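Bear in mind the structure is a predicted one, so any value in this text is a computation, not a measurement. By convention in this document, chain letters (A, B, ...) are assigned in the order of the sequence lines, proteins followed by strands, and residues within each chain are numbered from 1.
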Amino acid sequence: MLSHLNLEATELRLGLPGSIDDVPSNNKRPSPEDHQTPPAPKAQIVGWPPVKSYRKSTAAAKNEEAESGMYVKVSMDGAPYLRKIDIRLYNGYSHLLTALEDMFKLSIGEYSEREGYKGSEYAPAYEDKDGDLMLVGDVPWEMFMSSCKRLRIMRGADARGLASAQ
Amino acid sequence: MCLFQFQSVMNYFPEEVLEHVFDFLTSHRDRNAVSLVCKSWCSVEQFSREKVFIGNCYAVNPERLIARFPRLRSLTLKGKPHFADFNLVPDGWGGHVYPWIEAMAKSGINLEELRLKRMVVSDESLELLAKSFPNFKSLVLVSCEGFTTDGLAAIASNCSCSAMLFVIQVFSCLYTQVVPLLVRGYCFSVVDDSIFHDRFLRELDLQENEVDDRKGQWLKCFPESCTSLVSLNFACLKGEVNVAALERLVARCPNLRSLRLNHTVPLEVLQKILVRAPQLSDLGTGSFTHDPDSETYIKLTNAMKNCHSIRSLSGFLDVNGRCLPAIYPICTNLTSLNLSYAPGIFSNELIKLICHCKKIERLWILDTIGDKGLGVVANTCKELQELRVFPSDLYGVGNTAVTEEGLVAISAGCPKLNSILYFCQQMTNAALITVAKNCPNFIRFRLCTLNPIVPDAATNQPLDEGFGAIVQSCKRLTRLSVSGLLTDQVFLYIGMYAEQLEMLSIAFAGDSDKGMLCVLNGCKKLKKLEIRDSPFGNMALLSDMGKYETMRSLWMSSCEVTLGGCKTLAEKMPRLNVEIINEAGEGDGEATYDNRHRVEKMYLYRTLVGPRKDAPDFVWTL
């Protein structure tokens, strides 16, 4: 597929030059008719696209940060140990809450802006970047993802305090 | 009066007059031209020149520089070839600045300013620089490597010793004035502060360098008495800095105009800095993420409103899009905006931001802006002169790239556009022809298709006609990078029309030697030619060997030139260095190469000083 680009020449190899057939043919360039679909060579050609290595390494660092997952601890009042989940795996609040219900074998109830979580003695809360304890569900999902530092499933009187309307 | 009579009249002018006239010539090209007129002009010019530009550090050596320009105060040096930016030049190739600093220090050159690009700068060099030049004011490092924050600490603390010596000198000659003042109870502070300002660093500008961050306290090394900083840019550093020291430094430097922070400086600190330095004209933010409902954020918004002078903005490596409204008041007057390191700004937020930037002249962004966003730029930024659109998705196959549509929109909407760097998913000849018609004023035109040999997206034809239209229409074009599927035809056009072209970058293009021949024969002003992965061989290389003495350099990698061809060239042209760069592990010396062997990487350049003595093992100067 990409042999016409003579990528072998850019590969590092052990061995003497000339031991492998690295004298290329003169037909290095494909004729225009040969092109049906352009290949996607980005990852394979050294130095292409021509972006400064400093820029590439800065982008790579940012990517790594993004790709490492967003694991947060989840505690439940009364449970002997905590769990950890990657909130990036969930595509929204209902997905997350279903997973939590499943993980802790409980039922969380319906969210409403006015009344918090009705129909259960549990309320999901989270600690945000400023250290405040917040009710899960108030802010847009993306904002929640970037500000949530840990989750806490509250129960009993505390939960009712958070869950009921102000 | 005929020319000869005129010249002899000019020769009777005292040298001081000639020197004074030459003072008005600031461009190095003008001064170079002047020095060619006659011996006496050359002599006057060389002893009065203060700023020297050396485009290839191996074209000349420190001794010759100092011999010719003993009154040198400002030196600009460039080292590695341009393709080194894309990892095509192995580590250790060269471009060391140390010998230059050492030679200038030994010869007592009164160096005030040093600007380096693509050079290897060791901590030893920085330490030597710091202690050798008492009037040193300005250090600018672009795309350099080899130093750590320890070297920066040396620069920051550089003037403490010399300032002390100077204080003693000042007082010994002002004795008659100072003593009566002391008698009246006045103290040191009576001495004009500006004397001290001149003795300290004014500019430390680090652009896109790979710095080994030792996480030391280099910022604390600026002495308390240093109040002269005008420009400080440490955006490329990866480690944390002492923010308390930073705040104090900003507070005591009233002339600070340009400040670019790195991403570890939090928003709270930025807010405090802006309160201290509302006079800033160029700002690079640190981390720009915070709770937009917090008091800190509100304080930041107010501080920004007070910064009436900011014309240039960059940074945002760490960013929360909801914090961007704080900068809207600044956007109105911005002329330069660099968001190319801000992958965290989504396209809708980017577009909202751009709508505020009506006076932008220079815009660097990521292709996440999309064709639609470029349409907004076209409608809003009528003063736009330079646009750079960088790829955001370097490691996968994403959908975020821009296409020819965005480029056409910009060309139609921005009449002052003269410089573009555009990374795109696809291109068409029709689009390029339209762009050429809309923008005949391009000085720099660099197009990079993410697939290097992609044909016209509409017709599947090569992009020859499109680039041909560009060179034909843009009579002032000095720099061109081509990409996409290209045959020899495009080079025919370039040779025919690109009369002002000085730098040309070619990759995966052309069919035969004819292509390269057209360029070498046609582009009379060509200074730098860099070619990779194209089928140009010995015939083209050897057709006009004298041409290379009129150019700064030629790079050819993964082409068809052979060792024999390069040897022939090197033999015939003693004033060229023809370097063969072997990758590590390939072969073990000359014996294994025969002349028919294709050369992987060749870099040749004109030089006055013969083969360089610092070439590593893998570089072979023929």
| Interchain contact, Ser505(B) with chain A, by part (heavy-atom threshold 4.5 Å) | neither
| query | How many angstroms lie between atom OH of Tyr54(A) and atom SG of Cys236(B), to the nearest 0.5 angstrom? | reply | 5.0 Å
| Would you say Lys52(A) has more than 12 foreign heavy atoms packed within less than 6.0 Å of its NZ? | yes
| message | A side-chain contact here means heavy atoms from C-beta on lying under 4.5 Å apart; do Asp85(B) and Ser53(A) qualify? | response | no
| message | Less than 4.5 Å to any heavy atom of chain A: does that hold for the side chain of Ser340(B), its backbone, both, or neither? | response | both
| Neighbour count >12 (heavy atoms, 6.0 Å) for atom CD, Glu110(A) | no
| request: To the nearest 0.5 angstrom, please state how far the NE2 atom of His263(B) sits from the OG1 atom of Thr58(A). | output: 8.5 Å
| query | What's the spacing between Asn451(B) CG and Ile45(A) CD1 if we round to 0.5 Å? | reply | 7.5 Å
| query | How about Lys73(A): does its NZ atom have over 12 heavy atoms from other parts shown lying under 6.0 Å from it? | reply | no
| request: Identify which part of Ser294(B) has an atom lying under 4.5 Å from any heavy atom of chain A, answering side chain, backbone, both or neither. | output: neither
| query | Distance from Glu208(B) atom CD to Ser57(A) atom OG, nearest 0.5 Å? | reply | 10.0 Å
| task | Can you measure from CG (Leu366(B)) to CZ (Arg55(A)) and round to the nearest 0.5 angstrom? | result | 7.0 Å
| Heavy-atom pair with the smallest gap, counting every atom of Gly47(A) and Arg532(B) | O-NH1, 3.3 Å
| Nearest 0.5 Å, what's the CZ-CH2 distance between Phe508(B) and Trp48(A)? | 6.5 Å
| message | Let's test your reading of the structure: which of Phe423(B), Tyr341(B), Phe83(B) forms the most heavy-atom pairs below 4.5 Å with chain A? | response | Tyr341(B)
| field | Pairs of heavy atoms under 4.5 Å with chain A: top-ranked of Asn87(B), Asn209(B), Leu88(B), Leu317(B) | value | Leu317(B)
| For His290(B) and Lys129(A), what are the C-alpha separation, side-chain angles and deciding distance, and is it a side chain to side chain contact (heavy atoms under 4.5 Å, CB included)? | CA-CA 9 Å; His290(B) 213 272; Lys129(A) 274 196 278 214; over 6 Å; no
